[in-house]
Amino acid sequence: MSVAELVTLACCDLAAITRGRSIPADAVEAHLRAGVGWVPANHALTPHGPVAEGSPFGSIGDLRLLPDASTRARVEPDREDPALELILCDIVETDGGAWPACPRTFLRAALKQLQSELGCTLLASFEHEFQLLLEEPPEMPFSVVAQRRAQPFVGKVMDALEQAGAEPERVFAEYAPHQFEIPVAAAPGLAAADRAVLLREVVRDVARRCGTRATFTPLLDPENAGNGVHIHFSLLGTDGSPALYDANRAGRLSELGARFAAGVLAHAPALCALTAPSPVSAGRLQPHHWSAGAVCVGERNREALLRIPPLVALTGDPGPQMRLEYRAADGASNPYVALAVLVHAGIAGVRGGLQEPPILDRDPSELDAGEGERYGVGALPGSLSEALDALAGDDEARAWLPRLLYDAHVAIKRSELDASARADPEELCRRYARIY
Ligand code: GLU
Ligand code: MG
């Protein structure tokens, strides 16, 4: 029996589930102008399945998934397993007008604002961790054996990501059982978020091809390290110069960079409602999980919400290496929304002339209360519910979000919290491992 060549027109929804509709490969050209049908209520689906209670979308309305041909990505067939081919889409009204809750459109607008207000473009890279769901006992963290044990998955996934244009840079076994990390090359803002969506789907698909399952759940085991999605970003000035870099300042972070960072820190609790938005996400963001233990900026510090990664003298010019790493994102976040709100927070920091944050040189949990205050170090929200309250109470952050997107997001998240209320932490982690 032959197998149809299909291309999926896809989008990533507010619960970070990639959904879409597939068409025959030879019909792609014919769909580039008008895409395929889509339904507003699809953006009110909780990751548990049902439509969220209290969502702004009902049974009425129609939209289009409008493909962006530049995102077309293909992973070749593997024996009898057909090719995986995706084109990422904007969600638009049936007349082509912007739909306010489209995450891709939201990011595009934020990047435009970055350009018009600060004269900067953004390069970003989403650094993903994930775990394979395997019964066997794990090998040692970071070991060659752990990596070899997971063959041929590891080799196949790197090949597939390369084919898909995701530019994988490395792969290694991480700290938690059967955990891996795959950093990819930086790309301009929108393409970086596209790449994040693609990476998640390619990893999941290759794991499936290998007869196993990969999960990007923020936390698989409440007692162990979680799966982060660290967002690395840098800003380029109009002449292409690294706008976050200044050789003569603390942390070599430019004044613009420090104020941008101040905006991210100032809005951190609200940001978590969008970047770490599952009921298990806060469990990952605990001190000493090497995720993000406190709201602060630190140089080479894996407990800081914002980390300045090392500028490696071995490779020459430090300027182009300069970037900030936002560590409180995870696989339950929509990459477009997460990056967009980071950009908005940064712009707000610069616009408001926020005080430059001190660069913390030690583990934030070692500070006493007085030092904590002096260094401006705060705690991250202890739960999704706290994060949603922080967002609700942060008028400035709420104003960045189109009303429809905010209402749909909150409805989904509140429904998830309701559905999770009676589950113990282990059961909740198991549930989210099945979702992500
Ligand atoms: N697994 C850690 C997290 O949840 C990150 C470890 C690291 O790559 O520094 O964010
Ligand atoms: Mg890691």
Side-chain angles (χ1 to χ4, degrees), residues 16 124-133 138-143 146-147 150 154 157-158 161 168-186 196 199-200 203 214-233 264 268 271-272 274-310 312 323-333 335 338 342 360 362-365 379-382 384 387 425 428-429 432-433 436:
S125 164
F126 290 71
E127 174 196 317
H128 284 86
E129 294 171 334
F130 59 90
Q131 282 166 282
L132 295 177
L133 296 175
E139 302 289 352
M140 295 290 182
F142 307 104
S143 69
Q147 194 166 307
V154 171
V157 82
M158 290 299 274
L161 287 167
E169 289 182 322
R170 285 176 289 288
V171 59
F172 54 92
E174 251 281 1
Y175 182 76
H178 308 296
Q179 188 182 39
F180 292 88
E181 175 175 320
I182 305 184
V184 299
L199 180 138
R200 296 176 195 182
V203 167
T215 180
F216 289 84
T217 186
L219 192 64
L220 183 57
D221 171 355
E223 302 302 321
N224 215 318
N227 294 301
V229 178
H230 303 168
I231 306 177
H232 295 249
F233 62 92
V264 173
L271 291 177
C272 284
L274 298 145
T275 64
S278 81
V280 297
S281 293
R284 176 185 148 251
L285 299 176
Q286 301 293 323
H288 301 145
H289 277 55
W290 292 35
S291 51
V295 179
C296 58
V297 56
E299 203 177 355
R300 305 176 173 202
N301 190 334
R302 290 185 176 78
E303 285 290 317
L305 172 69
L306 272 181
R307 170 175 174 256
I308 304 174
V312 182
R323 60 195 192 279
L324 285 169
E325 177 186 8
Y326 176 84
R327 298 174 64 86
D330 64 40
S333 69
L342 271 182
L360 195 68
R362 67 197 95 151
D363 184 338
S365 70
L380 286 153
L384 174 58
L428 208 52
C429 285
Y432 276 82
Y436 291 110

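Just follow the structure's listing: the first ligand is 1, and inside any ligand the first atom is 1.
- For Ser333 (side chain) and Ala329 (main-chain N/O), no donor-acceptor pair under 3.5 Å exists by modelled atom type.
- Contact of the Val295 side chain with the Leu380 side chain is registered, since non-hydrogen atoms from C-beta on lie closer than 4.5 Å.
- The closest protein non-hydrogen atom to atom 9 (O) of ligand 1 is Arg327 NH2, 2.9 Å.
- The aromatic rings of His128 and Phe126 sit parallel to each other, their planes meeting at less than 30°, with 60° as the upper class boundary.
- For atom 6 (C) of ligand 1, the candidate residues are Glu325, Glu129, Arg302; the nearest heavy-atom contact is made by Glu129.
- For a threshold of 3.5 Å applied to N or O pairs, the pair formed by Gly226 and ligand 1 contains at least one separation below that value.
- Here the protein heavy atom with the shortest distance to atom 4 (O) of ligand 1 is Arg284 NE, 2.7 Å.
- Between Met158 and Ile182, the closest side-chain pair of non-hydrogen atoms falls below 4.5 Å.
- Closest approach of His289 to Asn224, counting heavy atoms only: CD2-O, 3.6 Å.
- The two atoms that bring Leu384 and Ala282 nearest to each other are N-CB, 4.5 Å, heavy atoms only.
- Here the N, O or S atom of Glu174 that is nearest to the Mg ion (ligand 2) is OE2.
- For ligand 1 and Ser291, the ligand atoms under 4.0 Å from any heavy atom of the residue are 3 (C), 4 (O), 10 (O).
- Considering backbone and side-chain N/O atoms, His230 comes within less than 3.5 Å of an N/O atom of ligand 1.
- Angle OE1(Glu181) to the Mg ion (ligand 2) to OE2(Glu129), rounded to 10°: 110°.
- Taking every non-hydrogen atom of Glu181 and a distance limit under 4.0 Å, the qualifying atoms of ligand 1 come out as 8 (O).
- Side-chain atoms of Thr217 and Ser278, non-hydrogen and from C-beta on, never get closer than 4.5 Å to each other.
- When side chains are defined from C-beta on, Leu305 counts as touching Tyr326, because their heavy atoms get closer than 4.5 Å.
- Between Glu174 and ligand 1, at least one N/O pair is under 3.5 Å apart.
- Of all atoms in ligand 1, listed by their number and element, those nearer than 4.0 Å to a heavy atom of Trp290 are 2 (C), 3 (C), 5 (C), 6 (C), 9 (O), 10 (O).
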